[in-house]
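Quick note on labels: first sequence line is chain A, next is B, and so on, each numbered from 1.
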Amino acid sequence: MEKPRVRFAPSPTGALHIGGVRTALYNYLLAKRFNGTFILRIEDTDQTRYVPGAEKYIIDSLEWLGLSIDEGPGQGGEYGPYRQSERKALYGKYAQQLIDNGHAYYAFDTPDELDKRREEEKEKGKHSFKYDAGMRMSMRNSLSLPAAEVEQLLSSEAPYAIRLKIPTDEVVLINDIVRGEVRFQSNELDDKIILKGDGMPTYHLANIVDDHLMKISHVIRGEEWLPSTAHHILLYRALGWEETMPVFAHLPLILKPNGKGKLSKRDGDKLGIPVFPLSWEGATEEESFKGFREFGFLPQAALNFLAFLGWNPGTEQEMFSLTELCEAFSLEKIGKAGARFDIDKAKWFNQQYIIAQNNATLAEMVRPMIAAKGFSPNTAFLQTFCGMMKERVTLLPDFWTAGYYFFSNELEYDAKTVRKKWKPENKAFFAEIKQLLASLDPFEAANIKTTIVGHMEANELGFGDVLPIVRVAVSGTVKGPDIFEIMELLGREEIQVRLAKGFATFDEMKAPSA
RNA sequence: GGCCCGUUCGUCUAGGGGUUAGGACGCCAGGUUUUCAUCCUGGUAACACGGGUUCAAAUCCCGUACGGGCUGCCA
């Protein structure tokens, strides 16, 4: 394949939805697979929906995931500018060209008039108002109005839009890489607005002009664009660019975890799952969302998970680094059906990636979280901690929730274990254990184990009588890494403190409530 | 309503005329472990339905049902 030039073209209207992230990923993968170019283009032609900060959010998100941009705003490139608002003049020129060669016309109907017409049609029965070949002669445009009136309207202040004049009785054939041949009857198509009253193009025009000028080879986008693709092909044809038209690949949608419909930002809050890569601070809490990153997902895991939502390599390999993804990717292997978002699978990927991470890397990821809780352990301690805990967490914050006792000795003791295992007749034994450990040197796991087990056997006690109590006194819980290793890490003095405090507290817990 | 797209275990999917319909997540059971987790072994579970075509259909064709998308001077 020749070096592809692909673009990810989001609209800066807020946080970038996870579906958009996947679109970006697939574009990136195709580009890298064949040594091509990945372009970021900002589609900000709707000034009313523009949200400050959204562009930065998009760029930050791609960066977090490691999807580096070859050309784009801030990145430069020979086909810029890469913000459509900065290309405004260009579109007017091509719209004019379409008017001149009869493929487009001026439309003077105001938005209010159009709304009214839609309402009327709806009341008449079906909501089938379509500004098409059958309807345009009864609307106010340069096709239906006398030339003199058109002249007059154009030279007046009256705003106007430019519409694409859809030809009649044609079949538009789309050759979609994921869907095969898709046909549309031109008679079913409406005369889409291509240039708005404010002089800005709509998506349809801007998209075609930019893709052509930027020499885009593949348009990889969501399935929601399939219905308007016929318009796009007609536009290429009208502009005389059909020969070099990019090929299309329409991606299946990402669906809600339960129920049907496409995943929406609402689902995030409702189900407590992330649907955005990064957190987004909206004007209100309603418009703010927590991202994959803040949930504690590693970017590699989010990427791997997303890649498999709608694509798979055809082999049984599941774990893929970005580099491996680049080598294995192909558009032909993209599925047709919508893929449901499965948070359990995402978590499983995350767990796998956390385990695969080396302790030093993990320590630096976890450090800020621990610091936020008011603790600043040294690096060696933190690395050992991560090594001991990494097989027991799925999300990054679990390091704290499941391992807080490595840092704090304000423990929450497991009441059930205390109730069952803290027996009056064994109190002396535990006091002796504490005594034995007080002078143990070196204070190392193997040593500690020998000491405890030895004393245990001498007193004819079993593991079940001893270890749960020691474990709860040290960590508060019966869950966790090897207890002797925990003790070694915490050190002799700290263990003395915890044993003393634990045994005393157990007495209180067992005391009959007065 | 119209147009378009889709449909294999609960979920992500492999398989594209002849397979015991494969894998992964989840779930269940067992093993390992002082505990938890990891890990290992096993189990559960699917071709939406109806017609064709064919010696043979999950696979090709048509229809039905269901689901989804689009139907804006939004992208």
Under 3.5 Å between N/O atoms: give me all the protein pairs with nucleotides 41-44 of chain B, atom names plus distance.
none

So G462(A), base contact, sugar-phosphate only, or nothing? Heavy-atom distance under 4.0 Å. nothing
For P468(A), answer base if it contacts any base atom (sugar-phosphate contacts may also be present), sugar-phosphate if it contacts only those atoms, and nothing otherwise; contact means non-hydrogen atoms under 4.0 Å. nothing
Minimum-distance nucleotide (side-chain atoms of R340(A) versus rA75(B), rC4(B), rC12(B)): rC12(B)
Taking only the P atom of each, what is the distance from rU41(B) to rC25(B) in whole angstrom? 11 Å
In whole angstrom, what separates I433(A)'s CD1 from rU34(B)'s C1'? 14 Å
Just call it for F184(A): base, sugar-phosphate, or nothing, with non-hydrogen atoms closer than 4.0 Å on any strand. sugar-phosphate
Describe the nucleic acid contact of L253(A) in one word from base, sugar-phosphate, nothing, applying a heavy-atom distance below 4.0 Å. sugar-phosphate
Nucleotide nearest L467(A) (side chain, heavy atoms from C-beta), chosen from rG6(B), rC4(B), rU34(B): rU34(B)
Rounded to the nearest angstrom, tell me the gap between atom CD1 in I166(A) and atom C1' in rU71(B). 14 Å
rA75(B) to rG18(B) separation - C1' atoms, rounded to the nearest Å: 49 Å
Can you classify the ring geometry of F308(A) versus F349(A) as parallel (below 30°), tilted (30 to 60°) or perpendicular (above 60°)? tilted
Would you tell me if any nitrogen or oxygen in the side chain of K196(A) comes within less than 4.0 Å of OP1 or OP2 on rA75(B)? yes
Between K262(A) and rC70(B), is there a side-chain N or O to OP1/OP2 distance below 4.0 Å? yes
Short N-O contact, R118(A) and E120(A), less than 4.0 angstrom: no
Counting any heavy atom closer than 4.0 Å, what does D109(A) reach on the DNA or RNA strands: base, sugar-phosphate only, or nothing? base
When both distances are under 3.5 Å in a Watson-Crick or G-U wobble arrangement, the nucleotide paired with rU41(B) is rA29(B)
What I want to find out is whether K130(A) reaches E188(A) closely enough, with some N-O distance under 4.0 Å, to be called a salt bridge. yes
Taking only the C1' atom of each, what is the distance from rA45(B) to rC27(B) in whole angstrom? 10 Å
For atom C1', what is the distance between rG42(B) and rG23(B), given to the nearest Å? 16 Å
Whole-Å distance between rC4(B) C1' and I233(A) CD1? 13 Å
Nearest listed nucleotide, side chain of R49(A), among rC74(B), rC3(B), rG69(B): rC74(B)
Thinking salt bridges, do R136(A) and D191(A) make one under a 4.0 Å N-O criterion? yes
At under 4.0 Å between heavy atoms, what does P252(A) touch on the DNA or RNA strands: base, sugar-phosphate, or nothing? nothing
Rounded P spacing from rA48(B) to rC66(B) in Å: 16 Å
Report which part of the nucleic acid V182(A) touches: base, sugar-phosphate, or nothing (heavy-atom distance under 4.0 Å, all strands). sugar-phosphate
Counting any heavy atom closer than 4.0 Å, what does Y203(A) reach on the DNA or RNA strands: base, sugar-phosphate only, or nothing? base
Pairwise N/O distances under 3.5 Å, protein to nucleotides 22-28 of chain B:
from    : atom 1 : to      : atom 2 : distance (Å)
rG22(B) : O2'    : E316(A) : OE2    : 3.3
rG23(B) : O4'    : E316(A) : OE2    : 3.2
rA24(B) : O4'    : E318(A) : OE2    : 2.9
rA24(B) : N3     : K345(A) : NZ     : 3.1

Across the strands shown, which category fits N207(A) at heavy-atom distances under 4.0 angstrom: base, sugar-phosphate, nothing? nothing
Residues R49(A), D46(A): salt bridge by 4.0 Å N-O rule: yes
Can you name the one residue among N27(A), D210(A), D211(A) that meets side-chain hydrogen bond (donor to acceptor under 3.5 Å, both in side chains) with R7(A)? D211(A)
Using a cut-off of less than 4.0 Å, is there contact between a side-chain N or O of R163(A) and OP1 or OP2 of rC73(B)? yes
Between R471(A) and rU34(B), does any side-chain N or O lie under 4.0 Å from OP1 or OP2? no
Mind calculating the distance between CG (L189(A)) and C1' (rC3(B)) to the nearest angstrom? 9 Å
Salt bridge (charged side-chain N to carboxylate O under 4.0 Å, His left out) partners of residues 170-180 of chain A, not counting sequence neighbours, each pair once: E170(A)-R237(A), R179(A)-E223(A)
If we call it a pair only when both distances are under 3.5 Å in a Watson-Crick or G-U wobble match, what pairs with rG6(B)? rC66(B)
Can you figure out which of rA75(B), rC5(B), rC73(B) approaches the side chain of E223(A) most closely? rC5(B)
Provide the distance between the two P atoms, one in rC36(B) and one in rA29(B), to the nearest whole Å. 14 Å
Just call it for K449(A): base, sugar-phosphate, or nothing, with non-hydrogen atoms closer than 4.0 Å on any strand. nothing
Presence of T45(A) side-chain N/O under 4.0 Å of rA75(B) phosphate oxygens OP1/OP2: yes
Strand partner of rC73(B), provided both Watson-Crick or wobble distances fall under 3.5 Å: none
Between the base of rC5(B) and the side chain of R179(A), is one N or O donor paired with an acceptor at under 3.5 angstrom? no
Parallel, tilted or perpendicular, as decided by the 30° and 60° cut-offs, for the rings of F407(A) and F385(A): perpendicular
Closer than 4.0 Å, any side-chain N/O of R118(A) to the OP1 or OP2 of rG1(B)? no
Span that lies between the P atom of rC4(B) and that of rC62(B), in whole angstrom: 13 Å
Residue A337(A), side-chain atoms from C-beta onward, closest of rC73(B), rG15(B), rU7(B): rU7(B)
Mind calculating the distance between CD (E113(A)) and P (rC73(B)) to the nearest angstrom? 13 Å
Rounded to the nearest Å, what distance is computed from the CZ atom of residue F8(A) to the P atom of nucleotide rA75(B)? 16 Å
Roughly how many Å apart are rA65(B) and rG26(B), using the C1' atom of each and rounding to a whole number? 29 Å
Polar side chain donor-acceptor pair, N447(A) to T450(A), under 3.5 angstrom: no
Any luck finding a side-chain donor-acceptor pair between N141(A) and D109(A) under 3.5 Å? no
Just checking I162(A): base, sugar-phosphate only, or nothing, at a heavy-atom cut-off of under 4.0 Å? nothing
Answer yes or no: does a side-chain N or O of Q352(A) lie under 4.0 Å from OP1 or OP2 of rC39(B)? yes
Tell me: CE of M200(A) to P of rC74(B), nearest whole Å? 11 Å
Check the angle between the aromatic planes of W311(A) and F320(A) and answer parallel, tilted or perpendicular using the 30° and 60° thresholds. perpendicular
Between D44(A) and S85(A): side-chain donor-acceptor atoms closer than 3.5 Å: yes
Spacing of E188(A) atom CD relative to rG1(B) atom P, expressed in whole Å: 15 Å
Which label fits Y106(A) and Y160(A): parallel for a plane angle under 30°, tilted from 30 to 60°, or perpendicular past 60°? perpendicular
Could you tell me if R221(A) sits above the aromatic ring of F248(A), with its cationic atom closer than 6.0 Å to the ring centre and no more than 45 degrees from the axis? no
